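The structure appears below as C-alpha cells.
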Amino acid sequence: MMNSQKILKILEHEEIDHSLIDTANSIRESKVGNKVFFRALIEITNICNKNCYYCGLRKNNKHIKRYLLSEDELINLVIELYKKGIKSFAFQTGEINNEKFIRKLIKIIQTIKRETKKIDIQNNEQTKGAGITGSFGELEKEFYEELFKAGVHRYLLRIETSNKKLYEKFHPKNHSFNKRLKCLEHLKNIGYQVGSGIIIGIPGQTYKNFVEDLNFFKNFDLDMIGMGPYIEHHDTPVFYQYKKLITSKNFYKKNFELSIKMIALTRILLGDVNIVNSTSLQSLPSINNAFELGIKAGANVVMPIFTPNIQRKKYEIYDLKKHLTFTDIKKRIEKIGFIPICDKWGDPLHYFERRFHNIKQCNQLENFSS
Ligand code: 5AD
Ligand code: SF4
C-alpha cells in the first residue's frame, strides 16, 4: 500500500512516471473495466451568488452576461438527446440557494423523469428514465431531499481543497468550509451517489495539501471524484494577485502533470469509484494529449458539453475554455482502446459496495448499469 511519504515523492517528482500510469491502469482494469461512461453536461445558468476568488462566474464579475435556459429549452434538449440514446445527464448551475429557483428546478426534473420514462416504455426498455447528476452548489438539506425524490440520484459538490486554511484563502469570509462539509454529509445521508473533488494547482497549494485531499477522498468514502487543473480567468482576484506566477513558463505544464498524477493516485487508492476526465484538463493551453492521458491514468467518466451554443460561451469559469465535441470524445476514447458507453447510467460501483457491501447485489438493482 502507498503511504503518505511515497505519495508525496510521486507528486514532487518532475515528470509523470509511466509506471504510475500502468499501475493505475491495471487497477482500473480490475476494478471498473475499460468502459468510459458519458454524461451530457448541460449548464442551466451561469448566475451565481457566490464570490470564489478564482472563478469567472463569481457574482462580482460584472463583465459577463448572465443567462438562464428556459424550461422548455432544457426539457426539449434532454428529450432530444435521450431519443438519440444518451441516457445520463449532468445538470450544472452557479449557486442559487433560493426557494423559487429550486422549486422550479425540481418541477423540471420531475418532467424530465416522466418524459424519459415514457420514451423507455415506447422502446420496450427498462423504465428508468434519465440518469441525473446535479451540481447546484450548497443548498438547504430539504432541497437536497426534494431533488433526490424528484430523480437526481448523484450530486457533485467539490470541496475545492480539503485544507480549511487554504479554502479560506480563496474564498470570502461568508463562504464556509464547514458548511460545505456539512452539505456533503447531508448528501451522503440522503442516499445520493456523492461526488467531490478539488482544483489542482491554484497558487499557494502545496504537495502536502494534495496528500490531505487524497486522504479526504478516502476517509469521506466518496463515490465519484471530479478534479481539474486551475486555469486563469482574467477578471478574478486570484489572477490579479498571482498574474506573474500564473503566466510564467511552466505553470500549466506543471498543473497538467499534477492533474494526471492525482487522477492516477485516486484510482490506485480508491479503486472502484468513478473519476471524471474534467473539461479543464482538456482546456490547458498548448497541451494536446491531456484527454487521452486522463483516461489512461484512470478517469472513466466524460462529460461532453451540450449547453446550447449561444449560452455555452457565457459559462466562462476560466479563460480559454475549450471542449471536445461528443463525436470527438467518442472517437478519441475508441482510438486508445477503451469503450465509450452513452446509453447506460454508469453508476459508480463504489456506491453499491458502500451502501450494500456487496457488488454482486447490484446486479439485482435497477440502478446498476454495467
Ligand atoms: N480553473 C479551474 N477550475 C475552476 N473552477 C472554478 N474556477 C476555476 C478555475 N479558474 C471549478 C471549481 C468549481 C467548478 C464548477 O469549477 O472546482 O467547483
Ligand atoms: Fe459560483 Fe461555483 Fe464559481 Fe464559486 S466556483 S463562483 S460557487 S460557479
Side-chain angles (χ1 to χ4, degrees), residues 41-64 66-68 90-98 101 133-139 155-162 166-172 174-177 179-180 183-184 194-205 209 213 217 222 224-243 245-247 251-252 254-256 258-259 262 276-285 287 290 294 303 305 307 314-323:
L41 174 62
I42 303 177
E43 296 142 329
I44 299 174
T45 175
N46 64 355
I47 300 169
C48 184
N49 290 332
K50 287 215 143 165
N51 257 315
C52 309
Y53 292 149
Y54 43 81
C55 174
L57 300 191
R58 59 199 306 274
K59 189 180 178 184
N60 287 2
N61 182 7
K62 308 289 181 206
H63 299 294
I64 60 166
R66 306 286 170 167
Y67 72 84
L68 169 63
F91 298 139
Q92 198 167 48
T93 65
E95 189 173 304
I96 311 174
N97 188 355
N98 157 304
F101 175 74
T133 309
S135 186
F136 315 123
E138 294 168 27
L139 304 178
Y155 204 96
L156 299 176
L157 182 69
R158 285 189 182 175
I159 192 72
E160 312 297 358
T161 167
S162 61
L166 189 67
Y167 185 91
E168 284 164 359
K169 188 172 168 201
F170 290 111
H171 298 89
N174 61 355
H175 293 33
S176 158
F177 178 80
K179 181 167 178 226
R180 210 161 176 85
C183 284
L184 283 167
V194 183
S196 192
I198 56 160
I199 292 197
I200 295 172
I202 197 157
Q205 205 172 17
N209 291 143
D213 294 329
F217 297 166
L222 290 167
M224 310 175 298
I225 307 293
M227 52 192 172
Y230 164 81
I231 299 180
E232 71 205 54
H233 186 290
H234 62 281
D235 256 332
T236 54
V238 169
F239 189 60
Y240 305 143
Q241 194 176 344
Y242 297 99
K243 194 170 175 180
L245 171 67
I246 293 168
T247 52
F251 182 77
Y252 285 119
K254 209 162 170 202
N255 280 1
F256 159 67
L258 277 170
S259 302
M262 282 297 281
V276 183
N277 204 1
S278 70
T279 310
S280 70
L281 186 61
Q282 298 157 37
S283 298
L284 285 167
I287 294 168
M303 298 182 19
I305 304 176
T307 312
K314 298 179 187 152
Y315 207 87
E316 289 170 49
I317 294 181
Y318 39 82
D319 293 343
L320 316 164
K321 194 168 151 205
K322 268 196 298 199
H323 72 95

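Just so you know, these numbers come straight off a predicted model, no measurement behind them. One-based numbering, in listed order, for ligands and for the atoms of each.
- Near Cys52, with a cut-off below 4.0 Å to any heavy atom, the atoms of ligand 2 are 4 (Fe), 5 (S), 6 (S), 7 (S).
- Not a single heavy atom of His233 lies less than 4.0 angstrom from ligand 1.
- Taking the six-membered ring for Trp and the full ring otherwise, Tyr54 and His171 have centroids separated by under 6.0 Å.
- Taking only non-hydrogen atoms, the option from Gly56, Ser135, Cys48 nearest to atom 7 (S) of ligand 2 is Cys48.
- There is a protein heavy atom less than 4.0 angstrom from atom 3 (Fe) of ligand 2.
- Nearest heavy-atom pair across Asn51 and Arg58 is O-NH2, 3.1 Å.
- Among all protein heavy atoms, the one lying closest to atom 5 (N) of ligand 1 is Ile317 CG2, 3.4 Å.
- With a cut-off of 2.8 Å, atom 3 (Fe) of ligand 2 has an N, O or S atom of Cys55 in range.
- Here the CG-CD distance, from Asn49 to Glu138, works out to 12.0 Å after rounding to the nearest 0.5 Å.
- Considering backbone and side-chain atoms together, Glu160 places an N or O closer than 3.5 Å to an N or O of ligand 1.
- Going from atom CG of Leu156 over to atom CG of Leu184 covers 10.5 Å, rounded to the nearest 0.5 Å.
- With contacts defined as side-chain heavy-atom distances shorter than 4.5 Å, the pair Tyr167/Ser162 does not qualify.
- Ranking protein heavy atoms by distance to atom 14 (C) of ligand 1, first place goes to Arg158 NH1, 4.2 Å.
- Looking at Ser280 next to ligand 1, no N or O pair under 3.5 Å apart turns up.
- Using a distance-only test at 3.5 Å, with no hydrogens or angles considered, no donor-acceptor pair links the side chain of Gln205 to the main chain of Leu166.
- For the atom pair CZ of Phe239 and CG of Leu245, the computed distance is 10.5 Å after rounding to the nearest 0.5 Å.
- Proximity to Ile231 (heavy-atom distance under 4.0 Å) selects the following atoms of ligand 1: 1 (N), 2 (C), 9 (C), 10 (N).
- Near Pro229, meaning under 4.0 Å from one of its heavy atoms, ligand 1 places the atoms 1 (N), 2 (C).
- Phe136 and Tyr155 make their closest contact through N-OH, 3.0 Å (heavy atoms, listed as atom of the first residue, atom of the second, distance).
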